[in-house]
Structures are given as C-alpha cells and as structure tokens.
Amino acid sequence: MVCLLAFFFLALLSLFSATHRPLLKEAWLCLRRRLTLRPCETRFDEKIKARILGRVITRSPFAARFLNRYFELLSFLFFFFFLFNIFLALRGIYNYYLYGSCNGLNKEGFCLFDPHGENNQVSQLAQSCSTEPPNPEKIDFSFLENEKNSLPQTNPVSKDEIIFVGCYNCPYSRRAYPSIRQLAKKTKANLVFIHLPTKRETEYLSSYLYCLNQIAPDRFWATNDLLFQQEPTKIGDEATVRSLLQEQSWDLAAIDQCRQEEKTKNAVQDLNQALAISGIYGTPTIRINGTIFVGPKPERVYARALKK
Amino acid sequence: MKGKKVTLLRQDFPFLQKKKGEKKPVYFDNACQSLRPEPVIQAINEYYRDYPGCAGRSAHRIGEEVSRAVAAARKKIARFLRVQHEEEIIFTRNTTEGINLVAQSWPWQEGDRVLISDKEHNSNLLPWLRLQKQKIIQLDVVPSTEDNQLDLNRWEEVLRQKKVRLISVGFTSNLDGVTIPAAELIKLAHDYGALVLLDGAQTVPHQQLNLAKLGVDFLAFSGHKMLGPSGTGVLYARRELLEQMNPFLLGGETVARSTYQDYTLLPPPEKFEAGLQNYAGIIGLGAAVEYLEKVGFDFIQKQEEELNSFLTAQLQQIPQLQIIGPADPRQRGGIISFYLPQISASQLALILDSSHWIMVRAGQHCVHSWFAARKIPATLRISLYFYNTREEAEIFLQALQQTLKIL
C-alpha cells in the first residue's frame, strides 16, 4: 500500500520537481510488482518505511514501535485520506472552473487559484435594513416583475437575460461590467442594468439614469459605458457628471425636468425600496438566466451560465 | 596515547568533521570504500589545478610533470608492497578490473583448471564462470570450513587430484573479514605447479604486505578502500608472467609502433594501460599510500582489532544474533557481518542511517553465491578502519538496541 500511496504522492510532486522522478520510477516498479502479487524488487516500500521509522525513533520510540506494527494499516488510512484529498482538490478545480471559486457558487473560503478571494468580493451596501448575515441564496429578484419595464435593457426580446446590479465607483462592479457588457453584445442577450449606490454620494445618479433611459434608451448604454470608465472620485461629483452628459449632447434641461417629475421620483423610490428588501447585500450582483453570481467572476463563468 | 593519535588523524578527514544537527557521521562502511584524508584530496586538486596534462605522450612541461608524478606514484606503491620491479605495478580502475585483466589476458591452455573458494566476491567469481561457459577453463569451488575459514587440507586434496593452472582467492573476505593463510596456500600451489591470484581488496588497506617474500603471482586491489580516490586500483603481477600475457584492451600508449598491418606492444606496464589514464586518481593513490605508511599498519591493525573485539562482545549479547565467520574477532580483521532471523538487514541499516547517521552495509555484499547456498537473505556488515572510535561503536550499539526494540 505504501508503494501505491508513494506513487500517487510522488507523481504529484514530480509534476513540479525533477528530483522526485527517480523515486517515482522506483515507486512505479514496486507498485507494478505488487499489483501482480510479486514482492517489490526495488525495496522501495522497505526504504520508505525505514526512513520514516528512522525519523520517528529518535523522538519517540513508542510512536516508532506503533508505526512499525501498524504500518500497513496506517498506509491504507493515509491512502484513503490521500484519495479524499485528491477528490477535494479536483472538486476545487472543477468549482473554480464553473464558478470562479474552489468552494462552489458564491462560497467564500481559501482557494489556491484565487488566494485573496477576489472573485467573491463585493462592495457592501452602506446601510442595510436586514439584521441577517449576507446570504446569496436569499437574494430574490422577483421585484423585477414590476420594475423591469422602467429599467435600461439592451434586447428585451431575447430569451437570455443578464441582470447587472452594480455601482459606478465600486471596484468590483467596475471589474465585472466590461466582461458582462461584452458578453451581452456577443450573445445578444438582454442586459438589464440596475444602479445600486453603495455610497451616498452616488445616490443622486438614480434619477439621472432613469431619465436618460426614458429620454433616449438607444443612447443610454454608450453613456453608461462612459460612466464606468470615469475615475471613481468623479462619479460622486454631480457637476462633473452633468458636464459629461453635456459633452455627450444630452439635453440637460430635459433631464432636469424629467428628474422633477413625480413619476420619476416614484419610480426611483420604488426601485430603491424593492432593492432594499431583495436581499442584495453588495455589488456586483449579477443574475444570468436565473443563476445569481455575487462578486466579479471570470468571464468564462458568465458565458457558461448563459449557455445553460 | 592511541586515542590521541586517532583524534589527530580524524582531523585529516573532512567528512568526519561534518554535522547534521547534533549528529556526527559514523562511517562503518569502509569495506566498500574508505574516507579520504586531506593530503589525498590535495594531491588530486593539485593535479587538476596545477598540471592537468597527459603523461607519456606530451612533451610540454606539464605533460612531463604528470609523467613524473605518475612514475613517482608507481614507485611509492611498489615500495609499499615491497615489490622489486616498478613495472610489475599495473594501474587499473579497481580490483575487479585487475582480476578480469588476468582472466582475459592469460594464455589459457586446453584443460586449464582454476580454483576459487566458496565465498568469493562476484569480482572473483564471474570472470572465471564466464571463461568456464566459454569452455576456456574448468572452474572448481573449494568449500570453506564450518566457520568460513580456508582449510589447506581440502585445497591440497584438490591440487593433488586435479591439474590446476590458477588459484584465485580472496586474501581477506569482504563477507566476514577472515584472512586466509596466503603464504601457506601459495607454497602449496607452487608445489603443485599452480599460480596464485589474490584478491587483496580487503587486505592491502589493513595489513603490511611484502609481496617479494609472500611470493604471490598476482595481486589485485582497489585504491578507494585504502584512502585513495574512487576508480583507482592496481594489479601486481610478476614480470615474467606479465610478459606472457596479451592485453585484452589495446589502444593509445600500449604500442611502440603500428602500421596498417601490424603493431608492436610496449613492455609492461604500458602494454596493459590502454588509453588516457586516471592521472589524478593515480597521483591521489600515491598520496594515500604515503599517508597509510605514516599512520602505520601496527596501529591500524591494533585499532581495528580492539574495536572489533569490543563490538563483537557486545553484539554477542543480543539474543539470536548470528555473526558470520569465526567467533574470535581477532580472526575477522575489521569486519563484523551479522544477521538476526526475522529482521530485515536492509531495513535495519536504513533506520540506523536515517535515525543516527550510521553508515553500514546491508545485503549480500556481492557474495550472492555464498548466501544462496546457505539460504541466508542478507547480513548487516560493519567494516572498520583506523579512524573509527570506541565512541562511534557505542553510538552504533545504542542505536541498534533502540532499533531492535521497535522492530
């Protein structure tokens, strides 16, 4: 059993270290003989056992005696433990490929491929009515049934739908937005944009965005892209945004008039209330054909969700 | 006084100064190869650093310097062995090559018979077995006594009954350290017209030899078991015998002249030293011989005997432990080869190495035939040299006891 264990272990090490390859060869020769019920000629099993016992004996003769007596049994246990670990590692790789996190969809925890957990990071909302801890599984997008028509959309007739809840000066939203936008363009999926300000200084934008979409929905997305490209600090400054809109040939008077309308105020208020009880706790939160992704994921993850 | 000398000598061996944490190396594998003292290392380094040329063929100054150094080494070795003619010293890679040189170069006649003992190293078994398979010689194996010693009566019986051309036998066995009564065997062999080849690999490093007095015909030994560099060895052969032999390896430096049709061989030793030689090794071997002479064989033998006696007495107290060869440690030189039924010798050796950095040899020590005949799987072999100490022996015994408790 020790040959088998050593073979798998050394095979892994040998991927990265050439010095382990001769040992791997020895382990393989030993394993091959053992699989055909013949004794190991290279004495690899004996060598490994002796090396381990040699290390232990100087520290604890009792432990060395125990190890010597139950070496085969312990080898079996270690082997199954090793297999279990291999299974976990493979599952981690699979999860990372599917969800951008080794631990599963929107699950935090250490991941070798994303050591800082950036694919699960969100910009938390400044205030929340909820006393419960954030839970991606409790996010409910049913509010969209009432609100959807007033929100900016790229292709409402498409059967594929991407809902992007983000904010302009949040780092993770800014990271996810270009790939989502690209994906929507490429697949002609309907992209729905919801502005969720995580900081007070960008709250004013909600009415602007509503009005831009009401006035010229065909020009909305170019302006939205531009807003995501701005320095985060500029977005908090209303005067800067206004001059930007002016540069984009938007009619500021019409926008101001729209913002003063009761209908606009109600729409913005309704959306904010709906978002507050939706369970969304940070940006970006993205729903693609029913699957919710919290945090900026690699583009392949979004693309795969869209193909489902 | 003797302890002080050992302490001083040990300082010459860089390997013995090493440490792994608190552990110092305990090197008990001297029958495989010995450690090297600083003067030998220096001699090798000097060659590579100061005059790294070819001997014999190049006329430039460093070439001449190498020629002189090689000639000096040959002279030192001849003097060391009390050999009359320097040209009787042939440089080889090791004992194995020396024995093979004789086996392949001797002008065998039909019906020639070779005798060996039943505990020969593969180096002194396989060359003869091959010749027997090729139907060039007939090989006979003469059994040893119960305690692995050479029984002259048995040898005489065979010599009397069969026409023997050559006796090829280990002078000191690497299996159990037993040294044969070589002078008596040689006299006996010569009385019956047989030549004698001694495998001196385990003798030359430990005993002062006088080959002229001993009257041996051939003696092969290795440099690396006597403080010399790895891959060095010597074949001594009487001049008149060398002249009868045809080298089995031909090439550069073996001939005086050659044409497309023929060649004229140089006289010994050159005709047996084909191609570019291991000059650094030969010069290092000369330095090793010089060092051994300074240490003195009386001291070497006394030191080994004392340690062997101490270790044997302690090992004999371990139940079921079997020592190969005679019970008397004085008959086993610096070697103690033992086994314990149900305990793997190789596992024991590996544990001693990884737990206490004790280097001993486990296995069949290239004497597979002896082990196969007795159905003993392997032994653990301690082989001592003059730089080993009582303290090291105590560390070994303690580690062995500790290991046996867990196995």
Side-chain angles (χ1 to χ4, degrees), chain A residues 1-7 9-10 13 17 19-34 37-79, chain B residues 18-29 32 318 338-366 368 371-372 375-382 391-392 394-407:
Chain A
M1 185 48 70
V2 73
C3 290
L4 190 62
L5 182 63
F7 175 74
F9 187 65
L10 290 166
L13 288 180
S17 153
T19 52
H20 289 90
R21 286 172 201 158
L23 275 177
L24 174 68
K25 195 179 168 191
E26 242 183 271
W28 165 242
L29 290 173
C30 180
L31 179 62
R32 208 174 57 181
R33 302 248 335 154
R34 294 298 292 265
L37 303 175
R38 289 175 296 172
C40 178
E41 270 179 339
T42 60
R43 293 195 166 154
F44 180 78
D45 47 353
E46 199 177 47
K47 259 191 255 179
I48 294 286
K49 184 180 175 184
R51 292 275 178 236
I52 296 168
L53 289 178
R55 292 279 167 95
V56 178
I57 198 171
T58 47
R59 290 169 180 85
S60 165
F62 172 77
R65 194 164 28 237
F66 178 82
L67 200 57
N68 180 53
R69 188 169 296 171
Y70 300 108
F71 195 78
E72 273 299 302
L73 178 71
L74 290 168
S75 300
F76 265 102
L77 290 176
F78 270 104
F79 179 68
Chain B
K18 281 182 172 283
K19 268 190 166 186
K20 267 186 192 170
E22 288 301 300
K23 290 173 211 155
K24 287 180 186 173
V26 175
Y27 189 76
F28 281 173
D29 194 17
C32 182
I318 297 172
F338 65 89
Y339 67 96
L340 282 142
Q342 314 299 329
I343 289 181
S344 156
S346 60
Q347 197 177 25
L348 202 54
L350 285 164
I351 294 175
L352 289 172
D353 179 36
S354 60
S355 62
H356 292 84
W357 204 11
I358 294 168
M359 286 151 274
V360 287
R361 171 92 170 257
Q364 301 191 341
H365 318 295
C366 297
H368 298 92
F371 282 90
K375 294 190 169 58
I376 297 171
T379 65
L380 191 89
R381 185 184 70 187
I382 304 166
E391 189 196 345
E392 289 180 327
E394 279 164 359
I395 292 170
F396 168 80
L397 288 166
Q398 204 181 352
L400 180 70
Q401 295 279 12
Q402 192 183 40
T403 309
L404 290 177
K405 272 184 200 161
I406 70 145
L407 291 178

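First the proteins, then the strands, lettered A, B, ... as listed; each starts at 1.
- Most heavy-atom pairs under 4.5 Å with chain B: of the set A/Thr58, A/Ile57, A/Val56, this distinction falls to A/Ile57.
- Taking the six-membered ring where the residue is Trp, A/Trp28 and A/Phe7 present tilted rings, their angle falling between 30° and 60°.
- Of the listed residues B/Thr403, B/Leu352, B/Leu348, B/Ile351, the one with more heavy-atom pairs under 4.5 angstrom with chain A than any other is B/Ile351.
- Rounded to the nearest 0.5 angstrom, A/Glu26 CD and A/Leu29 CG are separated by 7.5 Å.
- Of all the listed residues (A/Arg59, A/Arg51, A/Lys49), the one sharing the greatest number of non-hydrogen pairs under 4.5 Å with chain B is A/Arg51.
- When A/Ile52, A/Leu67, A/Leu53 are compared by the number of non-hydrogen pairs under 4.5 Å with chain B, A/Leu53 comes out ahead.
- For the pair B/Lys20 and B/Trp357, the cation sits on the ring face: its NZ or CZ lies under 6.0 Å from the ring centre, inside 45° of the axis.
- The aromatic rings of A/Phe62 and A/Phe66 sit parallel to each other, their planes meeting at less than 30°, with 60° as the upper class boundary.
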